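I have placed the structure first, in the form of structure tokens, so that the comments after it can refer back to it.
Because the structure is predicted, anything quoted here is derived from the model rather than measured. Because only heavy atoms are used, hydrogens play no part in the values below, and waters and symmetry mates are left out as well, while side chains stay in.
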Amino acid sequence: MPERASRVALDRRRPVAAPPIAGPHQDVLVHLASLIGSDERQCAAVNTEGTAALMHEARRAGVGRIVHLSTSAVYGYGPHRGIPVDGVAPAPVSATSRTRLAGEGPALAAGAVVLRPGLVIGPGDRWVVPGLGQLLEATGALWGGGRALLFLVAGGDLARLIARLALGHGPGGGTVRHASHPEPVRRGALVRALAGREIVPPVERDLSEAECLEQLAASGSRLSPRQFWLLAQDHWYDSAGIWEAAGCPPGPGPLARLDEAADWYREHMALVGSVT
């Protein structure tokens with residue numbers, strides 16, 4: 001951690017006696033925390049109310065630069081193809097997405113640059129690739145021929161972008177930007193890249209989306225049809241502008257970054273498989 005950076009641990013669901021952000025040298029806030037879950041009240045306590053409280057403290061402390069992480073899942077069901085920010089009205093369908101969208105309001109009011117990345121992959125990913133692996137196991141198929149285009153970004157590349165924005169590069173505050181790699185990735189290419197690194201098993205057959213949903217329901221998987229549609233439909237958004245504005249090359253793309261993540265994924269998938 002840089003010498004001038006400070007780390008403060010707090011529970012955003014609870015008020016604090018002393019502001020966690022105070023002092024003359026607290027000039028940048030990077031807000032990445034969120035609660036992913038199905039309980040609307042708990043998600044609201046963290047993602048909406050907790051964000052509002054933190055942004056209030058940031059404004060009171062005179063923080064000059066805020067970067068706030070949201071999600072492109074606020075747009076809800078697709079298909080979505082290359083749309084600009086709010087090119088379609090947000091229509092979140094989960095407690096997590098609804099409360100994260102609500103949390104954007106106080107962040108924007110505090111002057112934050114609000115980022116909406118898509119699916120973030122790489123070490124630490126416990127949702128995207130593991131969820132895809134469970135869908136493939138449940139269906140045994142690459143539905144729709146793997147043609148759907150996905151909005152992906154490697155975690156390390158997203159971190160580089162956030163660091164550039166935190167240091168003052170790129171757009172001014174009070175704006176929303178998409179923040180995945182500018183080039184979407186076909187689902188079939190993602191599956192083949194993962195299978196080639198022995199992260200998920202290879203899949204040869206193809207079923208219709210309706211047949212896959214039947215297989216998913218029959219499998220007893222905890223994954224929902226909503227999670228299936230997130231990967232089954234086109235979901236990609238125009239994000240080239242933020243990389244250009246920040247002077248941050250987007251990198252070779254999320255598939256090229258899989259070599260760096262393969263060992264972590266294999267270990268994590270094996271662990272998840274042993275538990276389930």
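Nearest heavy-atom pair across Gly103 and Thr51 is O-CG2, 3.5 Å. When every heavy atom of Pro250 is checked against every heavy atom of Pro182, the shortest pair comes out as CB-CD, 3.6 Å. Of all heavy-atom pairs between Asn47 and Ser34, the closest is OD1-CA, 3.3 Å. Considering all non-hydrogen atoms of both residues, Ala138 and Ser219 come closest at CB-OG, 3.4 Å. Between Ala58 and Leu29, the shortest heavy-atom distance links the atoms CB-CD2, 3.9 Å. The shortest heavy-atom contact between Cys248 and Arg160 is SG-NH1, 3.3 Å.
Side chain of Tyr265 to backbone of Pro123: no donor-acceptor contact under 3.5 angstrom is found. No donor-acceptor pair under 3.5 Å is formed between the side chain of Arg65 and the backbone N or O of Val113. A side-chain donor-acceptor contact under 3.5 Å links Gln227 to the backbone of Ser224. Remark: the backbone N or O of Val128 is paired with a side-chain donor or acceptor of Asp125 at under 3.5 angstrom. One N or O on the side chain of Thr99 and one on the backbone of Thr96 form a donor-acceptor pair closer than 3.5 Å. With hydrogens and angles ignored, the 3.5 Å screen pairs no side-chain donor or acceptor of Ser72 with any backbone N or O of Arg116. Although no hydrogens or angles enter the test, the distance criterion places no donor-acceptor pair under 3.5 Å between the side chain of His235 and the main chain of Ala232. A donor-acceptor pair under 3.5 Å is absent between the side-chain atoms of Thr139 and the main chain of Cys212, judged by distance alone.
When the ring-ring contact (aromatic ring centres under 6.0 Å, His included) test is applied to Trp127, no partner is found at least two apart in sequence or on another chain. Not counting sequence neighbours, the partners of Arg81 by the salt bridge (charged side-chain N to carboxylate O under 4.0 Å, His left out) test are Asp234. For Ala195, the side-chain contact (heavy atoms from CB on, under 4.5 Å) partners at least two apart in sequence or on another chain are Val200, Pro202. Trp143 meets the ring-ring contact (aromatic ring centres under 6.0 Å, His included) test with Phe228; sequence neighbours excluded.
Counting heavy atoms from C-beta outward, Pro106 and His56 have side chains that stay 4.5 Å or more apart. By the 4.5 Å heavy-atom criterion applied to side chains, Pro117 and Leu69 are counted as neighbours. When side chains are defined from C-beta on, Ser97 does not count as touching Val93, because their heavy atoms never get closer than 4.5 Å. Between Leu152 and Val120, every side-chain heavy-atom pair lies at or beyond the 4.5 Å cut-off.
Residue pairs satisfying the salt bridge (Lys or Arg N to Asp or Glu O under 4.0 Å) criterion with at least one member in residues 167-189, sequence neighbours excluded, are absent. Within the structure, the ring pair (Phe, Tyr, Trp, His ring centres under 6.0 Å) test picks out no pair touching residues 181-218 (sequence neighbours left out). Among pairs with a residue in residues 182-227, none fulfils ring pair (Phe, Tyr, Trp, His ring centres under 6.0 Å), at least two apart in sequence or across chains. For residues 244-272, the pairs satisfying salt bridge (Lys or Arg N to Asp or Glu O under 4.0 Å) are Asp157-Arg257, Arg197-Asp259, Arg257-Glu260, Asp263-Arg266, with sequence neighbours left out. The salt bridge (Lys or Arg N to Asp or Glu O under 4.0 Å) pairs that include a residue from residues 67-79 number zero, where partners must be two or more places apart or lie in different chains. The stretch residues 83-115 participates, sequence neighbours left out, in no ring pair (Phe, Tyr, Trp, His ring centres under 6.0 Å) pair at all.
Other residues, nucleotides and ligands contribute only 12 or fewer heavy atoms inside 6.0 Å of the CD atom of Glu137. More than 12 heavy atoms of other residues, nucleotides or ligands shown are found within 6.0 angstrom of CZ on Arg205. In Glu40, the CD atom is crowded: over 12 heavy atoms of neighbouring residues, nucleotides or ligands sit closer than 6.0 Å.
Through direct or relayed side-chain contacts under 4.5 Å between Ile, Leu, Val, Met, Phe, Trp and Tyr, Val88 connects to Val74, Tyr75, Ile83, Val85, Leu101, Leu108, Val114, Leu149, Phe151, Val176, Trp236, Tyr237.
Under the 4.5 Å side-chain heavy-atom criterion for grouping Ile, Leu, Val, Met, Phe, Trp and Tyr, Ile36 is not connected to Ile121 through any hydrophobic cluster. Under the 4.5 Å side-chain contact rule for hydrophobic residues, Val203 and Leu207 do not share a cluster.
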Pairs under 3.5 angstrom only: tabulate donor-acceptor contacts from the side chains of residues 161-174 to other protein residues two or more places apart or in another chain.
residue	atom	partner	partner atom	Å
Arg164	NE	Ala246	O	2.9
Arg164	NH1	His169	NE2	3.4
Arg164	NH2	His169	ND1	3.3
Arg164	NH2	Ala246	O	3.0

### Query
side-chain contact (heavy atoms from CB on, under 4.5 Å) between Leu132 and Leu231: does it pass, once the steps are laid out?
CA-CA 8 Å; Leu132 177 59; Leu231 292 166; 4.1 Å; yes

